[in-house]
A.B. asks: 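Attaching a single structure in structure tokens format; questions to follow.
If you're wondering where the values come from, they're calculated on a predicted model, not measured in any experiment. By convention in this document, chain letters (A, B, ...) are assigned in the order of the sequence lines, proteins followed by strands, and residues within each chain are numbered from 1.
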2 protein chains.
Amino acid sequence: MTPPLERDSYHHGDLRHALVEAAVKLIAERGAEGFSLREAGRLVGVSPTAAYRHFADKSALLGAVASDGFSRLAAAMEKGMARAPGAAGGPERAVARMAALGEAYVDFALRHPSHFRIMFGPWLRETECVPGVGPSGKDPFQLLVETLDEAAAAGVIPAEARAGAEVVAWSTVHGFAALVVDGTLPLSARERAAALRRVLTGVLLALGADASRLPPVEAVKFATRCS
Amino acid sequence: MTPPLERDSYHHGDLRHALVEAAVKLIAERGAEGFSLREAGRLVGVSPTAAYRHFADKSALLGAVASDGFSRLAAAMEKGMARAPGAAGGPERAVARMAALGEAYVDFALRHPSHFRIMFGPWLRETECVPGVGPSGKDPFQLLVETLDEAAAAGVIPAEARAGAEVVAWSTVHGFAALVVDGTLPLSARERAAALRRVLTGVLLALGADASRLPPVEAVKFATRCS
DNA sequence: CCGCAATGTGTACGCCGTGCACATTGCCAA
DNA sequence: TTGGCAATGTGCACGGCGTACACATTGCGG
């Protein structure tokens with residue numbers, strides 16, 4: 001964390017990154033609504049209007065926060081997929097990687113609900129947010145496309161079901177995450193893992209895949225909501 | 001519309017409803033972010049703080065707006081389902097009614113994006129919003145449950161797939177609506193109907209239903225975004 | 001070493017949500 | 001009928017917010 005207060009030099013050094021960090025922290029603590037540009041400035045020990053040297057307005061800062069969120073999401077997806085069991089190129093692994101993608105997505109949404117909402121909410125104006133990539137340089141949507149391509153290559157998804165599979169898969173997992181995060185779907189911690197498994201099974205069926213290959217969902221990951 | 005300005009008596013008469021109406025209108029025009037309690041008061045010709053006689057705070061008014069939205073959504077769903085073709089109790093009609101439900105949901109989200117966002121967004125505190133029902137006295141979720149029950153009774157959904165079908169169906173359709181409304185899924189007007197058809201097909205497959213019975217999606221309904 | 005562009009400060013304006021005292025009035029009890 | 005009370009609307013005040021603008025400070029390239 002960049003030094004929150006107390007500064008010797010007149011210039012901060014890396015105010016832009018510090019502001020994004022502070023915004024992420026504040027949003028995690030108090031939600032997207034309670035967040036204010038002035039408070040972010042206060043947190044990094046800078047005047048209330050200093051942020052305007054780095055961001056056109058509040059919305060632009062939120063765009064940077066969203067971009068950061070996509071990076072973290074992509075990283076979580078890659079990490080989850082790396083642990084998928086099965087032989088490389090085989091159907092078991094392809095299914096496991098698809099499931100890992102979905103699990104990482106929902107897990108991220110549950111752990112960082114406010115961040116998740118900013119990434120997809122109405123705060124960003126059109127094309128204000130550059131997606132943000134993970135360690136491998138790919139954004140979450142690219143990871144999805146590649147994983148589906150692999151599944152098609154492994155024979156898990158029949159060719160006639162490949163078209164538009166991104167939209168179906170993403171919609172389903174995103175919808176589940178959004179409904180759970182917003183509290184619209186009132187699931188207890190225990191029910192969440194079971195519901196997610198049904199949702200992932202549904203995605204596989206929708207894509208014409210053999211859902212019996214779906215590995216179990218680790219319930220513990222979906223037990224807590226963090227920020 | 002309740003008289004927007006000019007009032008003879010000191011008391012308004014039905015300020016509560018007038019404020020909700022005004023809020024719906026303002027939110028449709030300027031989005032959920034730009035909405036302010038004071039402006040709603042201005043619009044109905046009342047002092048800036050008069051709203052506090054009817055709502056504990058801004059969030060409570062938004063809760064009423066959300067409740068109103070669920071009523072409208074339920075009404076749109078019922079209207080769409082009423083037009084579904086096929087013999088009562090038969091599988092064609094059951095599938096058509098499921099599809100009509102999903103189409104009405106997405107159509108509502110596209111026509112009233114700001115209203116849609118308030119219904120599911122983070123503005124409402126827990127249990128602040130009573131769902132709001134349609135003409136038949138049922139809220140959107142109840143309509144979904146009943147429609148799935150009918151489909152199961154008609155043999156469209158196998159018994160072993162009935163459990164949790166609400167979550168799968170709702171997640172998928174909601175996710176698609178959310179991604180399109182927020183602009184995350186950048187679909188041209190022409191692509192939207194085709195994508196929705198694939199999504200609805202996916203839901204039927206996920207529920208173990210015969211997707212070949214799915215009637216075509218009326219493209220014209222998904223061509224424009226209104227408020 | 002100087003000056004300029006980049007970066008941070010201070011002040012100001014209008015809007016917002018909201019608490020509080022006060023004004024007005026419909027309505028019920030006596 | 002009338003008197004008063006509870007419901008409803010007004011006015012004012014406070015602090016916080018986003019943001020525009022003039023000014024201060026300073027790193028860096030010529």
A.B. asks: Should A:Val168 and A:Val203 count as side-chain neighbours, where that means a heavy-atom distance under 4.5 Å?
C.D. replies: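 No - every pair of side-chain heavy atoms lies 4.5 Å or more apart.
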
A.B. asks: Which nucleotide wins on minimum distance to the side chain of A:Ser36, given the candidates D:dT19, D:dC17, C:dT18?
C.D. replies: D:dC17

A.B. asks: Just to be sure I understand: a Watson-Crick pair is purine N1 to pyrimidine N3 plus N6-O4 or O6-N4, both under 3.5 Å. Using that and G-U wobbles, which stems of three or more pairs involve DNA chain C?
C.D. replies: C:1-30 with D:1-30

A.B. asks: Using 30° and 60° as the class limits, which term best fits the ring planes of A:Trp170 and A:Tyr105: parallel, tilted or perpendicular?
C.D. replies: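 Rings of A:Trp170 and A:Tyr105: perpendicular, as their planes differ by over 60°.
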
A.B. asks: Measure all distances between protein nitrogen or oxygen atoms and nitrogen or oxygen atoms of nucleotides 12-14 of chain C, and list the pairs falling under 3.5 Å.
C.D. replies:
none

A.B. asks: Under 4.0 Å between a side-chain N/O of B:His54 and OP1 or OP2 of D:dG9, yes or no?
C.D. replies: yes

A.B. asks: Measure the distance from CZ on A:Phe35 to C1' on C:dC16 and round it to the nearest whole Å.
C.D. replies: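 From A:Phe35 CZ to C:dC16 C1': 18 Å.
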
A.B. asks: Quick one: A:Arg42 CZ to D:dG15 C1', roughly how many Å, whole number?
C.D. replies: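 In whole Å, D:dG15 C1' lies 11 Å from A:Arg42 CZ.
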
A.B. asks: Provide the full list of ring pair (Phe, Tyr, Trp, His ring centres under 6.0 Å) pairs with a residue in residues 53-73 of chain B, sequence neighbours left out, each pair given once.
C.D. replies: B:Phe70-B:Phe120

A.B. asks: Checking contacts here: which listed nucleotide (C:dT18, D:dG9, D:dT19) is nearest the side-chain heavy atoms of B:Tyr52?
C.D. replies: C:dT18

A.B. asks: D:dG11, OP1 or OP2 - any side-chain N/O from B:Ser47 closer than 4.0 Å?
C.D. replies: no

A.B. asks: Among pairs that include at least one residue of residues 54-66 of chain A, which meet salt bridge (charged side-chain N to carboxylate O under 4.0 Å, His left out), considering only residues two or more places apart or in two chains?
C.D. replies: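 Of all non-adjacent pairs touching residues 54-66 of chain A, those that pass salt bridge (charged side-chain N to carboxylate O under 4.0 Å, His left out) are A:Asp57-A:Arg125.
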
A.B. asks: Could I get a table of every N or O pair under 3.5 Å where one atom is in the protein and the other is in nucleotides 22-27 of chain C?
C.D. replies:
residue: C:dA23; atom: N3; partner: B:Tyr10; partner atom: OH; Å: 3.0

A.B. asks: Figure out the CG/P separation between A:Leu37 and D:dC17, and round it to whole Å.
C.D. replies: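 Roughly 10 Å, once rounded to whole Å.
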
A.B. asks: May I ask you to test the B:Leu200-B:Phe176 pair for a side-chain heavy-atom distance under 4.5 Å?
C.D. replies: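 Side chain of B:Leu200 against side chain of B:Phe176, heavy atoms only: no contact under 4.5 Å found.
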
A.B. asks: Just one of B:Phe116, B:Phe108, B:Phe141 clears the ring-ring contact (aromatic ring centres under 6.0 Å, His included) bar with B:His174, so which one?
C.D. replies: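 Among B:Phe116, B:Phe108, B:Phe141, the one meeting ring-ring contact (aromatic ring centres under 6.0 Å, His included) with B:His174 is B:Phe116.
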
A.B. asks: Is any side-chain heavy atom of B:Val180 closer than 4.5 Å to a side-chain heavy atom of B:Arg192?
C.D. replies: yes

A.B. asks: Do A:Leu143 and A:Met81 have side-chain heavy atoms sitting under 4.5 Å apart?
C.D. replies: yes

A.B. asks: B:Leu101 versus B:Met98: any side-chain heavy-atom pair under 4.5 Å?
C.D. replies: no

A.B. asks: When you compare the side chain of A:Val65 with that of A:Trp123, does any pair of heavy atoms fall below 4.5 Å?
C.D. replies: no

A.B. asks: Of the residues in residues 58-67 of chain A, which ones touch DNA chain D at a heavy-atom distance under 4.0 Å?
C.D. replies: A:Lys58

A.B. asks: Rounded to the nearest angstrom, tell me the gap between atom CZ in A:Phe55 and atom C1' in C:dT7.
C.D. replies: 14 Å

A.B. asks: Using the ring of each side chain (for Trp, its six-membered ring), is A:His115 parallel, tilted or perpendicular to A:His112, with breaks at 30° and 60°?
C.D. replies: perpendicular

